[in-house]
Visitor: 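Could you have a look at this structure, given as structure tokens, before my questions?
From a predicted model like this one, the values you see are computed outputs, not experimental measurements. Each residue takes its place number in the sequence, starting with 1.
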Amino acid sequence: MAAALPSLTPLLIFARIFGLLVAVLVFVWAFVFSSSFGHRSPARDDHLFDVLHPLFMVIGLILLSGEAILVHSWLPGSRNLRKSVHLSLQGLALASGISGIWTKFHWDRGFLANFHSLHSWMGLIVVTLFGAQWMMGFLSFWHWREVRATRERVLPWHVFLGLYSYALAMVTAETGLLEKLTLLQTKRNVPRKGHEAMVVNSLGLALALLTGVVMLTAISPKYPPSLPTTKQQPFFSNPKPLSS
């Protein structure tokens with residue numbers, strides 16, 4: 001197995017740095033500023049579900065999915081090993097996305113009452129795309145011999161939809177951060193230049209940077225070009241003399 005290009009190392013390092021920054025910021029926002037969550041009801045369960053929503057969606061859906069994309073750039077071993085790890089991580093990301101949406105259904109207010117904004121509808125689209133992508137990858141991994149020709153035709157679409165879904169998840173998270181911060185500033189008088197606003201804005205910026213690095217790594221060449229095994233003869237290298 002050929003080694004990954006050294007040029008990918010800086011991208012992988014930046015991806016880890018931005019991923020760690022995103023994780024730290026979302027935990028700080030969820031637990032240090034926990035009073036900003038659970039505004040609909042003073043019940044403890046409501047507060048817990050409100051805190052779990054950003055954790056499931058950011059830590060699970062975006063960070064795990066990004067790591068699944070990066071697996072193809074750093075994990076040594078066979079192609080089947082990378083595909084199985086990729087599939088497993090994407091499955092965990094999908095489960096986190098479904099759990100994040102489930103946290104919005106524990107209030108008995110009906111479907112439309114929980115999904116009424118651009119952020120909520122984009123979230124449904126993202127999870128649906130992730131589910132379709134995972135099912136496509138699952139069928140391709142376990143039945144690759146039977147559908148090899150079909151897999152080769154579908155692969156470009158699988159890559160495109162995978163990167164599109166990942167970018168859309170980041171945009172959905174950004175709309176959620178904007179929606180939440182606007183609500184806090186208008187309804188709960190959170191200062192526009194306060195500490196919580198700085199944390200949320202920094203989280204949004206870190207998500208954008210992380211997504212850019214992950215997508216750049218995904219489209220970059222993974223391995224050095226292979227050298228030709230046979231040496232071609234020059235055009236004018238005919239060993240036979242010309243007949244007179």
Visitor: Following the transitive rule for hydrophobic clusters with a side-chain heavy-atom cut-off under 4.5 Å over Ile, Leu, Val, Met, Phe, Trp and Tyr, establish whether V126 and L163 coincide in one cluster.
Guide: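 Linked within one cluster.
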
Visitor: Got I62 and Y166 here, is their nearest side-chain heavy-atom distance under 4.5 Å?
Guide: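 The answer is yes; the side chains approach within 4.5 Å.
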
Visitor: Go through the structure and list residues passing side-chain contact (heavy atoms from CB on, under 4.5 Å) with L21, not counting sequence neighbours.
Guide: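 If we apply the side-chain contact (heavy atoms from CB on, under 4.5 Å) test to L21, skipping adjacent residues, the hits are L25, A206.
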
Visitor: Let me see the working for F56 and L61 under side chain to side chain contact (heavy atoms under 4.5 Å, CB included), right down to the final yes or no.
Guide: CA-CA 7 Å; F56 276 131; L61 191 62; over 6 Å; no

Visitor: Could you check whether any side-chain heavy atom of L64 comes within less than 4.5 Å of a side-chain heavy atom of I59, counting everything from C-beta outward?
Guide: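 Side-chain contact under 4.5 Å: no.
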
Visitor: What residues form a side-chain contact (heavy atoms from CB on, under 4.5 Å) with I13, not counting sequence neighbours?
Guide: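 Residues passing side-chain contact (heavy atoms from CB on, under 4.5 Å) with I13: T9, I17.
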
Visitor: Can you name the nearest heavy-atom pair linking L207 to E174, along with the distance?
Guide: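 Reported closest heavy-atom pair: CB-OE2, 3.9 Å.
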
Visitor: Any idea which heavy atoms bring V171 and M122 closest together, and the distance?
Guide: CG1-CE, 3.7 Å

Visitor: Quick one: side chain to side chain donor-acceptor pair (under 3.5 Å) partners of T175, sequence neighbours excluded?
Guide: H119

Visitor: For I125, which residues count as a side-chain contact (heavy atoms from CB on, under 4.5 Å) partner, sequence neighbours excluded?
Guide: L129, L168

Visitor: Just so I know, are the side chains of V24 and L20 near enough to count as touching, which here means a heavy-atom distance under 4.5 Å?
Guide: yes

Visitor: Going by side chain to side chain donor-acceptor pair (under 3.5 Å), name the pairs with one or both residues in residues 190-215, residues two or more places apart or in two chains.
Guide: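 Applying side chain to side chain donor-acceptor pair (under 3.5 Å) to every pair that reaches into residues 190-215, excluding sequence neighbours, yields W29-E196, S36-E196, Q185-R192.
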
Visitor: Does a side-chain heavy-atom distance below 4.5 Å link S220 with L8?
Guide: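 Yes - at least one pair of side-chain heavy atoms lies under 4.5 Å apart.
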
Visitor: Just verifying a value: how many Å separate L205 CG and L209 CG, rounded to the nearest 0.5 Å?
Guide: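 Reported to 0.5 Å precision, the distance equals 4.5 Å.
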
Visitor: What I'd like to find out is whether the side chain of F33 reaches to under 4.5 Å of the side chain of V28, using heavy atoms alone.
Guide: yes

Visitor: For a 4.5 angstrom cut-off between non-hydrogen side-chain atoms, does S120 reach S117?
Guide: yes

Visitor: Below 4.5 Å, heavy atoms only, C-beta onward: do L183 and E179 meet side chain to side chain?
Guide: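 No; the side chains remain at least 4.5 Å from each other.
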
Visitor: Do W134 and F130 pass the ring pair (Phe, Tyr, Trp, His ring centres under 6.0 Å) test, and can you show the C-alpha distance, the side-chain angles, and the key distance before you say yes or no?
Guide: CA-CA 6 Å; W134 189 86; F130 264 80; over 10 Å; no

Visitor: Applying side-chain contact (heavy atoms from CB on, under 4.5 Å), name anything that partners T128, two or more places apart in sequence or on another chain.
Guide: none

Visitor: Is L89 linked to L81 within one hydrophobic cluster, defined over Ile, Leu, Val, Met, Phe, Trp and Tyr using a side-chain heavy-atom separation of less than 4.5 Å?
Guide: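 Shared cluster, yes.
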
Visitor: Closest heavy-atom contact between F37 and A30?
Guide: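 The pair with the smallest heavy-atom distance is CE1-CA, 3.8 Å.
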
Visitor: Tracing side-chain links under 4.5 Å among I, L, V, M, F, W and Y, which residues wind up in one group with M198?
Guide: none

Visitor: By the side chain to side chain donor-acceptor pair (under 3.5 Å) test, which pairs, at least two apart or in different chains, include something from residues 51-68?
Guide: R16-E67, H53-T103, S65-Q90, E67-W74

Visitor: Under the ring-ring contact (aromatic ring centres under 6.0 Å, His included) test, which residues partner F27, sequence neighbours left out?
Guide: F31

Visitor: Count I, L, V, M, F, W, Y as connected when their side-chain heavy atoms are under 4.5 Å apart, and connections chain through other members. Are F18 and V199 then in the same cluster?
Guide: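 Yes, F18 and V199 fall within the same hydrophobic cluster.
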
Visitor: Can you sort out the partners of H86 under ring-ring contact (aromatic ring centres under 6.0 Å, His included), two or more places apart, ordered by chain and number?
Guide: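 By the ring-ring contact (aromatic ring centres under 6.0 Å, His included) rule, H86 matches H72.
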
Visitor: Do you reckon L63 sits in the same ILVMFWY cluster as V71, going by side-chain contacts under 4.5 Å, direct or chained?
Guide: yes

Visitor: At their closest point, which heavy atom of L70 faces which heavy atom of A15, and how far apart are they?
Guide: CD1-CB, 3.7 Å

Visitor: Quick one: does L94's side chain get under 4.5 Å of V127's, heavy atoms only?
Guide: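 Yes; the side chains approach each other to less than 4.5 Å.
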
Visitor: CD of Q133 to OG of S165: how many Å apart, nearest 0.5 Å?
Guide: 5.0 Å

